[in-house]
2 protein chains.
Amino acid sequence: MSRPPRTRPTLEEVAAKAGVGRGTASRVINGGEKVSERARLAVEEAIAELGYVPNAAARALVTRRTDTIALVIAESEERVFGEPFFAGIVRGIGSALAAADRQLVLLLAQASERRGALDDYLTRQHVDGVLLLSLHDDDQLPERIRAHGVPVVVGGRREGVSSDFVDVDNLQGARLAVQHLAGLGRRHIATIAGPADMVAGHSRFEGYVAALTAADLPIDDRLVARGDFTQQSGAEAMRALLASGAEVDGVFCANDLMAVGALQVLRDAGRQVPDDVAIVGFDDAPIGLSTVPPLTTVHQSPEQMGREMVAMLLEATGAPGVPQPGLMLPTHLVVRGSA
Amino acid sequence: MSRPPRTRPTLEEVAAKAGVGRGTASRVINGGEKVSERARLAVEEAIAELGYVPNAAARALVTRRTDTIALVIAESEERVFGEPFFAGIVRGIGSALAAADRQLVLLLAQASERRGALDDYLTRQHVDGVLLLSLHDDDQLPERIRAHGVPVVVGGRREGVSSDFVDVDNLQGARLAVQHLAGLGRRHIATIAGPADMVAGHSRFEGYVAALTAADLPIDDRLVARGDFTQQSGAEAMRALLASGAEVDGVFCANDLMAVGALQVLRDAGRQVPDDVAIVGFDDAPIGLSTVPPLTTVHQSPEQMGREMVAMLLEATGAPGVPQPGLMLPTHLVVRGSA
DNA sequence: GTGGGAAGTGGGAACGCTCCCAAAACACCA
DNA sequence: TGGTGTTTTGGGAGCGTTCCCACTTCCCAC
C-alpha cells in the first residue's frame with residue numbers, strides 16, 4: 001500500500017532545466033500564448049530531453065476536467081461483439097469525439113456484481129460525461145450518475161423519459177416496412193419481433209401493430225413470433241410461423257439478421273421470396289446485400305446516432321444540469337429484392 | 001477555459017459534518033482499520049447525507065495509482081465487433097480484472113490520426129497498466145508506452161519479442177489439425193489461410209506447411225487459398241480451390257468462420273463432408289456445433305488468454321521494469337463430424 | 001530621455017486527497 | 001492513584017498541476 005517512488009520528471013524539473021519558471025513551462029505545454037520564442041524553445045528541448053509527460057491526475061485536480069468521455073455498453077460481451085450495430089455507433093462516437101479532442105473510453109457493464117465499481121468509476125471524475133448504450137430499459141444508472149453532476153446521454157429511448165436521449169425512430173421505421181408490405185397487396189403479414197424488454201424489440205413491434213391497424217388488417221397471434229435478434233432465432237421463428245398453419249405472404253423482421261435466418265428457412269421450405277412470401281428487415285446491415293434475393297430493409301444509421309449522442313453530450317457539458325431535449329432519428333425504407 | 005465551480009462535497013466537509021478529523025474520515029473510506037465504531041458510523045452517515053464520492057484525481061495524485069487497466073484493441077471497429085474471439089478475450093480480461101479489483105477501460109485505436117491522443121492517454125497515468133491486443137505486428141506502441149514506465153502485456157506474439165506477451169500456440173494447433181487429416185489418410189490437403197500480416201494468419205499457415213512436410217506430403221500452391229477470416233471469404237476460397245482443378249480430400253481452415261463458408265460451398269458442389277473432403281477449422285467457435293456435419297476444429301480459449309494476460313500484467317505492475325517471460329497457450333483438437 | 005501600454009515571466013495559492021507522526025484518549029494493572 | 005501500553009485521532013505536509021496576479025522587460029511615440 002505504500003506509494004511507489006516517483007520516477008517521472010515533473011513540470012518543475014522541466015522548468016528548472018529550461019531555466020524558466022513553472023508558469024512559463026506550463027504555458028508552453030498548453031497552447032503557449034504569450035511565451036517568447038526563446039523560452040518556448042528552451043522548454044520544448046527540456047521536455048524532449050527529460051521525456052516529460054504531464055500528470056493527468058494533477059491537471060484534472062485543478063481544472064476539474066479530464067477531456068475524456070465514457071461510453072458504457074450495458075450488455076454481455078457476447079452481444080456487444082455480436083451486434084454490428086455497435087460497430088457503427090462506436091465509430092460514430094469515436095470520430096465525433098476525436099474531432100472534439102476528447103478521449104473515448106469504453107466500459108462494458110457486465111452483470112450486477114461489477115455495478116458498484118462502474119458507478120464509482122463514472123462518478124469519481126474520471127470522465128467529463130457518459131454515453132450510455134443499453135438495449136434494456138430497466139436500469140437506474142443514468143439517474144445515479146446524473147445525481148453526481150455528471151452529464152449523461154442515453155442511446156435508445158427509455159420509458160417515460162423525454163430528455164437526454166437519442167434514438168432511432170423504431171416505431172416509424174417498422175410502420176414504413178409494414179406499410180410497404182401492405183402496399184404490395186400482402187394481407188397476411190407476420191412479424192418476427194425482437195425481445196419485448198428491449199426498446200428496439202417492442203417499439204418495432206408496436207409499429208407493426210400500428211401499421212396493420214392503419215391498413216385495416218387484423219392482428220393474428222399466430223402471425224407473431226419472437227426471436228432474440230440472432231440469425232438462428234430468426235430461423236426458428238420462421239419455422240414456427242410456417243408450422244402454425246396460418247397463411248403467410250409477408251414477414252416483417254425486427255432486424256436483418258433474423259430476416260436472413262427466415263430467408264434460409266423459407267428457401268429450404270420451397271417458398272419463393274418475394275413471390276410467395278415478401279420479407280422486410282430492419283437495420284440495413286451489410287449482410288442484407290449478399291442474400292438471395294437482396295433484402296428490403298429499413299435503413300438506420302448507427303453512425304449518425306453516435307454523432308448525435310456526442311453532440312448532445314458536449315452540449316450538456318457546457319450547460320450542466322439543463323436537460324437536453326430528446327432526439328428521434330428518422331429512418332427510411334431501402335427497397336431491394338425481398339419485398 | 002475557466003474552471004467550473006465546485007459543487008461536490010469534499011472529504012473535509014464530510015469530516016466536519018461527522019465531527020471528526022480528515023484523517024479519520026479517510027480511514028473510514030479506505031478499509032477503515034483502526035477506527036472506533038462511533039467514528040465510523042458518524043462518517044458513514046455524513047457520506048450518505050452529503051452524497052460524497054471521493055475524487056479520483058486527488059487520490060491518484062498522491063497514491064500514484066488509479067487501479068484501472070486499459071485494454072487497447074488496435075483494430076477497426078468493424079473487425080473488433082465482428083470477431084467473436086474478442087468477446088471471449090474481453091470476458092476473460094474483464095473477470096480477471098474484476099477479481100483483482102481493477103477497473104477495465106477499453107480503447108479502440110482507430111487509425112493513425114488518433115495515435116497521439118492514445119499515447120498521451122496511456123502515458124499520463126490514467127492507467128496503471130496496458131493490455132494490448134493487436135493482430136497486426138507492425139506497431140511500436142508497446143515500446144513507447146513502456147518507455148514511460150507503464151507496464152504493457154501484448155496479446156499475440158510479435159516478431160522478435162520474447163517477453164511480456166501471451167499467445168495461443170497457433171503453429172502447434174495448425175500442425176495438430178493437419179496431422180489429424182493426414183492420419184485419416186488424406187493425401188491432398190488444402191488450406192484456407194488467413195491474412196499473412198496477422199500472426200494468427202501466418203503462423204497457422206506455417207503450422208500447415210510444417211505438418212505437411214513432417215508427413216512427407218508435397219506442398220502444392222494450387223492447394224493454398226487465402227481468406228480474411230470471414231465466412232464469405234472462406235466460401236470464395238473454397239470455390240477457388242475447387243476451380244483450381246487440383247484434387248482435394250482435406251482442408252484445413254485457419255478459422256471456423258471460413259470453415260463454415262467452405263462447408264457450404266462443398267455442399268452446394270455436391271461433395272460429401274467428411275467422406276469426399278474432410279474439413280478442420282480453428283477456434284472452436286460456437287458456430288461449429290451447429291453446422292452439418294459439426295465441425296472438427298482446434299480448440300483455443302480466448303478467455304484463458306485474457307486471464308493469463310491479466311495475471312502477467314499484474315505481476316509486472318508489482319515488479320516494474322522486469323520483463324515477464326512470454327507465455328504460449330497450448331491448443332487441442334476437438335474431433336467432431338467434419339473430419 | 002521619458003512615459004505608458006503591451007508582452008512576457010515567476011511563483012504563491014489552491015485543487016482534494018493520503019500518509020504519517022505526534023498527541024490525546026483509553027485500558028489495564030499494580 | 002499513577003504508570004504503562006495500546007488504540008484512536010487530528011492535522012501538517014506534500015502529490016504535480018493550473019490559475020492568477022504582481023512584477024519586470026521591452027518597445028514605441030513623443
Side-chain angles (χ1 to χ4, degrees), chain A residues 1-43 46-47 50-67 120 123-126 148-149, chain B residues 1-43 46-47 50-67 120 123-126 148-149:
Chain A
M1 203 45 181
S2 91
R3 136 185 23 177
R6 184 174 60 74
T7 162
R8 306 160 45 114
T10 71
L11 185 58
E12 193 85 46
E13 297 174 51
V14 169
K17 174 150 216 157
V20 303
R22 206 182 342 101
T24 303
S26 173
R27 255 164 257 138
V28 170
I29 289 164
N30 307 322
E33 291 305 288
K34 309 207 170 223
V35 179
S36 69
E37 204 52 23
R38 219 172 61 76
R40 178 202 312 309
L41 257 42
V43 172
I47 289 178
L50 262 33
Y52 169 79
V53 177
N55 178 316
R59 178 179 290 183
L61 185 55
V62 22
T63 59
R64 302 172 193 290
R65 338 180 15 196
T66 60
D67 290 326
D120 283 354
T123 250
R124 293 182 175 188
Q125 335 265 253
H126 273 120
H148 291 278
Chain B
M1 205 43 183
S2 91
R3 134 184 26 174
R6 184 172 61 74
T7 164
R8 307 161 43 116
T10 71
L11 187 58
E12 193 87 46
E13 298 174 52
V14 169
K17 173 148 215 155
V20 304
R22 207 185 338 106
T24 303
S26 173
R27 254 164 259 140
V28 170
I29 289 165
N30 307 323
E33 290 307 288
K34 313 212 167 218
V35 180
S36 70
E37 202 54 22
R38 218 171 62 75
R40 179 203 310 311
L41 257 43
V43 171
I47 289 179
L50 261 33
Y52 170 77
V53 178
N55 179 315
R59 178 179 290 182
L61 185 54
V62 22
T63 58
R64 302 172 197 289
R65 342 180 11 193
T66 60
D67 289 327
D120 284 354
T123 250
R124 292 181 176 189
Q125 336 265 251
H126 274 119
H148 290 279

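This is a predicted model, so every value here is computed, not measured. Residue numbering restarts at 1 for every chain, and letters A, B, ... go by the order of the sequence lines.
Across all strands shown, D:dT17 forms a Watson-Crick or G-U wobble pair, both distances under 3.5 Å, with C:dA14.
Residue A:S26 forms a side chain to side chain contact (heavy atoms under 4.5 Å, CB included) with just one option from A:V43, A:L11, A:V35, and that option is A:L11.
Comparing atom distances between the B:T63 side chain and each of C:dC19, C:dC17, D:dG16 picks out C:dC19 as nearest. If you check D:dT18, D:dG16, C:dC17 against the side chain of A:N30, the one that comes closest is D:dT18. Proximity note for B:L11 (side chain, C-beta onward) versus C:dC17, C:dG16, C:dC15: the nearest is C:dC17.
In this structure, A:N55 does not reach the D:dC15 phosphate: none of its side-chain N or O atoms is under 4.0 Å from OP1 or OP2.
Counting to the nearest Å, the P atom of D:dG16 and the CG atom of A:L61 are 12 Å from each other. When the C1' atom of C:dG16 is taken as reference, atom CG of B:L50 falls 15 Å away, rounded to whole Å.
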Name the pairs: protein N/O against N/O of nucleotides 7-10 of chain C, kept only if under 3.5 Å.
| residue | atom | partner | partner atom | Å |
| --- | --- | --- | --- | --- |
| C:dT9 | OP1 | A:S36 | OG | 2.8 |
| C:dT9 | OP2 | A:S36 | N | 3.1 |
| C:dG10 | OP2 | A:G21 | N | 2.6 |
| C:dG10 | OP2 | A:T24 | OG1 | 3.0 |
| C:dG10 | N7 | A:R27 | NH2 | 3.3 |
| C:dG10 | O6 | A:R27 | NH2 | 2.8 |

Would you sort out whether B:V20 and B:V14 count as a side chain to side chain contact (heavy atoms under 4.5 Å, CB included), showing the intermediate values? CA-CA 9 Å; B:V20 304; B:V14 169; over 6 Å; no
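The line from CG of B:N30 to CZ of B:R59 is 5.0 Å long, rounded to the nearest 0.5 Å. To the nearest 0.5 Å, atom CZ of residue A:R124 and atom OG1 of residue A:T66 are 15.0 Å apart.
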